[in-house]
Amino acid sequence: MLTDQTIAIVKQTAPAVAANAEAITRRFYAQMFAGNPEVKAFFNQAHQHSGGQQRALAGAICAYAANIDNLGALGPAVELIAQKHCSLGIQPEHYPIVGKYLLLAIVDILGDAVTEEVLAAWGEAYGFLAGIFIAREAEIYREQAAAPGGWNGYRSFVVDRREVESDVVVSLYLKPADGRPIAAFKPGQYITVQVDHPVTPTSPRNYSLSDRPGRDYYRISVKREASPAAGAPGGLISNYLHDNVRVGDRLNVGPPCGEFTLASDTAATTPVVLLSGGIGITPLLSMAHALAAEGSARPLHFVHAARNSRVHSHVDEVRRLAAAAPNVSVHVRYDAPLADDVAERRCNSTGVLDAALLKSIAPALDAEYYICGPKLFMSSVIRSLRAEGVDDARIHYEFFGPKAELATTEA
């Protein structure tokens with residue numbers, strides 16, 4: 001356990017660290033990549049360029065310092081990060097590298113305010129947190145390896161099928177090249193895809209599994225990420241998967257990871273509301289298929305927001321799912337419908353997914369809500385649910401990117 005002195009020093013210096021957190025993390029990443037360039041392979045450089053990764057780490061540091069005497073409050077965050085670390089193959093030997101450059105960055109930014117006593121306290125605090133992560137990640141690695149069909153690291157998979165789902169989404173059906181069984185997964189989890197890009201080496205990418213467990217394949221549904229701004233490149237790996245990967249090609253795949261899964265401790269009659277925006281539909285599709293496959297009679301409300309029919313993926317699949325189960329209802333809303341989208345009944349309503357729509361089509365307080373989509377979509381939906389009085393324990397969400405960015409938007 002941390003000493004009382006360390007806890008006191010970290011709490012005393014936490015405001016100064018928080019006030020300079022982003023400057024510290026920017027310095028940290030710059031120094032670490034310069035001194036140990038091999039670790040760049042674990043970091044999505046798009047998040048580095050946007051500043052999202054720096055803000056995410058700054059938020060994590062501040063949360064740790066604020067809860068240094070109540071670490072139980074960090075449990076969900078620890079699990080999220082540990083799952084992400086295992087998806088990327090982070091090992092115990094990486095933690096001293098991070099600790100070294102984090103402490104150097106704190107000294108560089110805060111200067112003389114960092115006495116030997118302060119530096120020792122932050123070093124002890126970091127080491128203690130690293131130990132928590134190392135222990136949990138070792139446990140996850142053991143579980144992955146021991147699971148029937150499981151493995152650690154990367155395994156070669158063959159693209160067995162390729163289906164175009166919309167103008168911007170393609171589904172890849174992946175089967176193991178060795179023909180052996182594959183590990184089961186929890187609906188909502190993701191796998192990691194490592195691509196040796198022929199031009200620009202980059203980090204692995206996580207993609208949600210978009211079909212139910214129990215198949216002899218994994219399915220991922222990948223959105224082609226366009227350029228975020230004039231002159232900026234589009235998504236490196238998403239475009240590569242769209243343009244270059246065909247049936248018969250091989251991809252290196254990591255085992256299923258992730259903590260965004262269906263709650264297992266709810267009553268069999270508790271309604272489920274799946275709220276998705278754009279490509280955020282993928283983990284929720286897995287949940288919907290899993291509930292249907294197990295014959296669940298729970299009321300299931302599937303609400304999806306998209307720009308229009310050109311980019312709306314998995315349309316027929318969701319309709320078939322609803323047609324086969326009387327307990328499933330589907331509502332589609334387009335915020336930029338094409339000229340004939342409404343007339344052809346491709347959507348149920350138009351506009352953004354707002355509080356009024358949620359209130360009209362879904363139960364308010366007794367349901368379990370699962371949310372995934374773009375940042376603004378998710379922050380708006382979460383605010384609306386909280387305003388209706390939905391308890392945070394019933395609001396579950398997955399965000400594609402550094403989660404601190406979503407927290408900032410929610411505030």
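All values derive from a computational prediction rather than experimental measurement. Computed over heavy atoms, backbone and side chain alike; hydrogens, waters and symmetry mates excluded.
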Counting only pairs under 3.5 Å, give me each side-chain donor-acceptor contact of residues 64-77, with atom names and distances, residues two or more places apart or in other chains.
unit_1	atom_1	unit_2	atom_2	d
Y64	OH	A125	O	2.6
N67	ND2	A63	O	2.9

[Y] backbone acceptor or donor facing [X] side chain under 3.5 Å:
X: R180; Y: G149; result: no
X: R162; Y: H242; result: yes
X: R394; Y: D366; result: yes
X: Q194; Y: P204; result: no
X: T25; Y: L57; result: no
X: N239; Y: G235; result: yes
X: R298; Y: T270; result: yes
X: H331; Y: N348; result: no
X: N152; Y: Y141; result: yes
X: N327; Y: S296; result: yes

Nearest atoms (heavy-atom pairs only) where [X] meets [Y]:
X: H197; Y: L236; value: NE2-CD1, 3.5 Å
X: G280; Y: C372; value: O-CB, 3.3 Å
X: D249; Y: N244; value: OD2-O, 3.5 Å
X: I281; Y: F302; value: CG1-CZ, 3.8 Å
X: P337; Y: N308; value: CA-CB, 3.9 Å
X: E124; Y: M1; value: OE2-O, 4.3 Å

Any heavy-atom pair between the side chains of [Y] and [X] that's under 4.5 Å?
X: C347; Y: V342; answer: yes
X: R205; Y: L241; answer: no
X: I371; Y: F377; answer: yes
X: V273; Y: L358; answer: no
X: K175; Y: D216; answer: yes
X: Y218; Y: V193; answer: no
X: D392; Y: R386; answer: yes
X: L174; Y: Y207; answer: no

Rounded to the nearest 0.5 Å, how far does [atom2] of [Y] lie from [atom1] of [X]?
X: W151; Y: Q144; atom1: CH2; atom2: CD; value: 8.5 Å
X: S208; Y: L285; atom1: OG; atom2: CG; value: 10.5 Å
X: K11; Y: T13; atom1: NZ; atom2: OG1; value: 10.5 Å
X: N252; Y: I191; atom1: CG; atom2: CD1; value: 11.5 Å
X: I109; Y: L104; atom1: CD1; atom2: CG; value: 11.5 Å
X: I134; Y: Q91; atom1: CD1; atom2: CD; value: 10.0 Å

Candidates F43, F28, Y101 - the one meeting ring-ring contact (aromatic ring centres under 6.0 Å, His included) with F33
F43
Start with the C-alpha gap between E143 and K186, add the side-chain angles, then the distance that decides, and say whether salt bridge (charged side-chain N to carboxylate O under 4.0 Å, His left out) holds.
CA-CA 13 Å; E143 292 168 354; K186 296 177 181 179; over 6 Å; no
Working for side-chain contact (heavy atoms from CB on, under 4.5 Å), residues V10 and I7:
CA-CA 5 Å; V10 169; I7 291 172; over 6 Å; no
Tell me whether R136 is salt-bridged to E139, with the criterion being a basic N under 4.0 Å from an acidic carboxylate O.
yes
Report the C-alpha separation of L110 and V118 in whole Å, then their side-chain angles, then the decisive distance to 0.1 Å, and conclude whether the side-chain contact (heavy atoms from CB on, under 4.5 Å) test is met.
CA-CA 11 Å; L110 298 186; V118 168; over 6 Å; no
Over-ring placement of K100 relative to Y126, 6.0 Å and 45° cut-offs
no
[X] and its side chain to side chain donor-acceptor pair (under 3.5 Å) partner, picked from [options]:
X: E137; options: H85, R142, Q83; value: H85
X: Y334; options: H304, H312, R307; value: H312
X: E165; options: S221, S210, S313, S171; value: S171

Check against side-chain contact (heavy atoms from CB on, under 4.5 Å), D243 and R224:
CA-CA 9 Å; D243 296 335; R224 182 192 293 274; 2.8 Å; yes
Taking atom types as modelled, find out whether Y173 and D211 have a side-chain donor-acceptor pair closer than 3.5 angstrom.
no
Under the salt bridge (charged side-chain N to carboxylate O under 4.0 Å, His left out) rule, what pairs show up with a residue in residues 336-353, not counting sequence neighbours?
D340-R346, D341-R346
Assess the residue pair R333 and V303 against the criterion (side-chain contact (heavy atoms from CB on, under 4.5 Å)); give the C-alpha distance rounded to whole Å, side-chain angles, the decisive distance to 0.1 Å, and a yes or no.
CA-CA 8 Å; R333 172 165 283 199; V303 185; over 6 Å; no
